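Note sheet for the following structure.
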Amino acid sequence: MTDAPPLPAVQTSGLSRNYGNFTALSGLNLTVNQGDLFGFIGSNGAGKTTTLRILSTFLTPSAGAAIIFGHDVVREADAVRHVIGYMPDFFGVYKDMEVTEYLDFFGACYRIPTAKREKTVSDVLELVGLSEKKGSLIGALSRGMQQRLGLARVLIHDPRLLLLDEPASGLDPRARIEMMEILRELQRLGKTIIISSHILSELETICNRVCIIERGQLIYSGPVQGVRDQVSSGKVVWARVASDQDKAIELLKTNPLIAEVSAVDHEIKVTLATEQTDHSLVADVLVRGGAKLIELREDEIGLEEVFMRVTKGETQ
Amino acid sequence: MTFLPIVKRELAVLAARAGARWVRIGLIGVAIFFCLQFFALRTGMSPTSAGAAAFHTLAGMAFLLACGATFVTADCVSYERRDGTLGLLFLTDLKGHDVVLGKLVAAGLNAFYALLGMAPVLMLPLLAGGVTGLQVFWTALALLNLLLIALAVGMVATVRATTRARAWRDAALLFVFVLAWPWLPNLAWESDLSSALKSLSPLYVIVNKFDMMPALKLKSIWISFALVHAEAWLLLLLAAFLLQRGWRDSFNLRRVKSGHEARRERHAHAATPPTQRPAHVFRPIAPVAYSFLRLRSQGALAWGAAVISFLGSFGSAAGVMGLGMPSLYFGVPAILHFGSSGLFAWVAGRFLFEARRSGELELLLSTPVGARGIVRDQWFALMRVLRGPLILVVIGALPHAARVIAMGAGTEMIGLLGALLTMANAVLGVFAMTWFGMWLGARVKRPIAIVGWAVGLVDVSAIVISYVVVFVIANLASPRGFTYPMLLWSVALPFLFTLKNVGFIWWSHQQLCREFRTPGVLRWTNWPASWTGADSGGVNT
Ligand SMILES: Nc1ncnc2c1ncn2[C@@H]1O[C@H](COP(=O)(O)OP(=O)(O)OP(=O)(O)O)[C@@H](O)[C@H]1O
Ligand SMILES: [Mg+2]
């Protein structure tokens with residue numbers, strides 16, 4: 001496995017989908033490696049659900065192709081269905097069944113032998129923390145519990161790839177954290193997970209890679225940190241000097257790595273030219289020039305700010 | 001083939017519903033009741049002809065039941081499409097034919113049990129004589145075939161539908177078509193081919209089995225039986241194919257909307273707001289009445305109920321008057337009557353039922369419309385829906401009324417009174433059913449419960465009780481004879497029914513007002529302004 005480059009879990013090329021003459025997804029090229037916990041981020045109507053439905057064989061693409069563990073989602077749909085577990089953005093539960101009955105039913109549909117099924121069902125219930133609710137009627141479960149049950153269903157046939165459409169929506173903060181814990185645990189168990197969300201910061205801590213789509217187009221794909229870097233060209237540093245602010249400004253203006261300098265009240269706003277430079281440059285220039293630097297801080301761009309900038313606040 | 005999990009699931013879910021069992025028990029009870037009446041009421045028939053009459057009655061009832069089975073499967077796949085579980089099934093190893101077969105077996109088993117429950121009752125006429133074993137055999141076979149094709153038709157309807165109303169409508173239309181089309185060419189031109197075509201209809205065996213059966217005919221019946229059987233499997237195959245090909249369809253719609261949502265949306269996007277609609281559709285009225293009337297096909301349902309009621313009344317009148325076969329008409333009109341009652345109850349109870357489900361009711365309760373407006377305006381709207389159909393119901397009751405007058409020869413006043421009561425009951429019966437249905441709509445969890453409880457309590461129980469009363473009084477009056485006092489038939493019984501109807505109206509009204517903690521609606525002063533003259537068209541305050 002180590003010699004040949006491992007098969008990517010998901011690879012799409014030019015994946016597009018139209019609804020009538022509306023393009024919901026256009027030319028998506030995406031690679032998700034095995035073992036990734038992959039965040040799929042976009043605002044409302046960006047095309048997340050559309051993409052996940054195509055990957056889970058619910059929708060056929062209008063153009064392009066998607067390969068999951070070497071199987072084409074259109075031509076080898078059956079094979080794909082065996083390796084994926086898809087959790088839609090609605091629950092898809094039978095409210096008139098009991099929790100174990102429900103999981104047993106889907107286990108049977110996946111042709112898991114009866115002997116093995118019982119253990120599998122209690123294992124997945126254990127994993128999602130629903131063991132005490134075994135005999136409850138699903139309709140009587142809370143929203144968060146139903147969501148966890150949905151996750152349990154996804155796991156019942158031990159798929160290699162999980163496609164989770166907004167699994168944390170509608171959950172309280174505590175349940176959210178628990179859900180993320182479960183996902184981390186699943187990743188440890190060797191599963192590849194794609195999880196969609198509107199909220200970048202929610203995924204920041206658990207995902208190793210993310211992509212951002214907007215209006216059906218890929219804007220960014222890569223490690224979480226990279227998102228920040230991509231938008232932080234033109235990083236801003238604020239400096240404060242004890243005296244002679246004008247001289248400090250002159251000093252800074254002479255440096256080629258600094259794009260712009262201006263005074264704002266009693267602070268100096270320095271805009272750096274490239275991403276690679278950081279605020280130590282500013283300190284360096286000022287101290288060498290003899291200015292008395294008393295404070296230096298970098299504008300912290302929050303992930304939400306990053307997201308807003310990347311998506312330009314556009315929704316459909 | 002992985003259809004067993006589906007069968008297991010469906011059966012488990014059904015077993016958890018107390019309603020299904022009660023329906024079955026109720027059916028058997030009704031069967032026993034109609035069967036026994038020929039023997040118990042001493043109608044002057046010989047045991048043989050009573051046996052034959054009972055058999056034909058049972059067969060007629062079973063025929064209607066088997067036809068009704070098409071509605072059992074009609075929503076079985078489409079509800080999964082609505083709930084979003086259908087796609088999840090197809091992610092597993094299940095294929096279209098697994099789903100179709102699983103649902104068919106589960107529904108079939110249930111319907112089969114219901115029919116099977118009637119089998120012991122069927123022994124009675126057989127023992128009494130009047131029917132041959134062969135006749136029973138063919139009837140049973142024909143009914144099973146009919147059951148299969150009814151279920152198959154429902155399946156074809158359900159794999160394409162999204163809403164329940166649509167599924168039921170498609171199933172009904174398709175079923176009528178399957179029954180009738182082979183006879184149509186025969187109407188236009190009669191030839192060997194067109195009459196051979198008739199054997200493609202499930203009705204062929206059923207119609208012919210009543211006749212004597214020479215060997216030649218028996219052969220054609222066998223052929224027809226086999227053809228219809230094959231037809232059913234072809235339909236199932238078609239359903240499986242359509243499902244396998246089209247299960248994704250629901251995902252091409254953004255999300256399947258509930259009827260209410262879709263309506264509200266249409267309303268919002270409508271080019272002409274409702275207040276500008278032509279007056280003949282309806283004048284601007286109170287919001288609840290408006291929502292009530294916006295429910296899909298309320299009018300059609302009410303008319304359907306009225307037509308069924310009309311057929312039932314006419315059939316029973318014809319039967320009693322000795323036109324055609326009285327025995328055959330005896331149980332069937334009753335079933336038709338129940339069917340029409342059930343539809344009326346559903347038309348009335350539907351609004352509250354669906355509004356409760358969609359949350360619309362809570363919204364309405366928090367507006368100035370208030371509880372009283374909800375109850376009152378619903379009744380008002382219901383009257384608009386029922387106006388026309390009620391006329392048909394009354395016309396249907398005419399032969400009965402005429403009969404009562406005819407019976408009263410010599411005592412015209414009594415006859416007239418009886419006739420008037422009969423006519424009044426035709427209307428009051430519908431009112432009782434609708435008020436009770438409205439109340440049920442505010443209470444029950446499943447649509448079938450509205451129909452079941454309304455028919456069971458308002459119709460069946462009342463009939464049973466009145467039968468008992470008649471039986472007791474008749475035996476008291478003339479212990480050995482068959483002659484009921486004419487007074488009893490023509491006045492006392494209708495009067496009893498009037499009491500029952502008024503009682504149910506009053507009681508449901510009380511319950512409904514209590515449910516919503518609102519003062520009475522039926523008081524004159526509380527009636528909508530449009531009824532008493534000036535149409536305020538506004539919201540009740
Ligand atoms: N069945 C459909 N018919 C027409 N347009 C559709 C359909 N389904 C989705 N769309 C459109 O495709 C676009 C992408 O929808 P999609 O559901 O993939 O968005 P999303 O990223 O999942 O949004 P959300 O965060 O709101 O779930 C939207 O503009 C939507 O209106
Ligand atoms: Mg979505």
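Chain letters run A, B, ... following the sequence lines, proteins first, then strands; residues in each count from 1. Side chains are part of it too, since the values below use all heavy atoms of this structure and drop only hydrogens, waters and symmetry mates. It should be emphasised that the depicted structure is a prediction, and the values quoted were computed from it without experimental measurement.
Here the closest heavy-atom approach between residue Arg81(A) and residue Leu91(B) is recorded as CB-O, 3.4 Å. Taking both residues in full, the closest heavy atoms of Asp96(A) and Arg9(B) are given as OD1-NH1, 3.6 Å, listed atom of the first, atom of the second, then distance. Closest non-hydrogen pair, Leu88(B) versus Phe58(A), comes out as N-CZ, 4.0 Å.
Expressed to the nearest 0.5 Å, how far CZ of Phe106(A) lies from OG1 of Thr92(B) amounts to 7.0 Å. With values rounded to the nearest 0.5 angstrom, Asp93(B) atom CG is found 8.5 Å from Cys109(A) atom SG.
Atom CZ of Arg117(A) has more than 12 heavy atoms from other residues, nucleotides or ligands within 6.0 Å. Within 6.0 Å of NZ in Lys133(A) there are 12 or fewer heavy atoms belonging to other residues, nucleotides or ligands. Shown here is Arg443(B), whose CZ atom has no more than 12 heavy atoms of other residues, nucleotides or ligands within 6.0 Å. Around atom CD of Glu185(A), more than 12 heavy atoms belonging to other residues, nucleotides or ligands sit under 6.0 Å away.
Ranked by non-hydrogen atom pairs under 4.5 Å with chain B, the options Arg153(A), Met87(A), Glu101(A), Lys95(A) are led by Arg153(A).
With a 4.5 angstrom heavy-atom cutoff, Glu98(A) does not touch chain B via any of its atoms. Using a 4.5 Å cut-off between heavy atoms, Val93(A) touches chain B through its backbone atoms (N, CA, C, O) alone. Only the side chain of His82(A) comes within less than 4.5 Å of a heavy atom of chain B; its backbone N, CA, C and O stay farther away.
Using a 4.5 Å heavy-atom threshold, the side chains of Tyr102(A) and Thr85(B) count as separate.
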For Asp83(B) and Tyr94(A), run side-chain contact (heavy atoms from CB on, under 4.5 Å): C-alpha distance rounded to whole Å, both residues' side-chain angles, the deciding distance at 0.1 Å, then the answer. CA-CA 8 Å; Asp83(B) 287 359; Tyr94(A) 294 107; 5.8 Å; no
Tell me, with the steps shown, if Phe90(B) and Thr57(A) meet side-chain contact (heavy atoms from CB on, under 4.5 Å). CA-CA 10 Å; Phe90(B) 279 90; Thr57(A) 75; over 6 Å; no
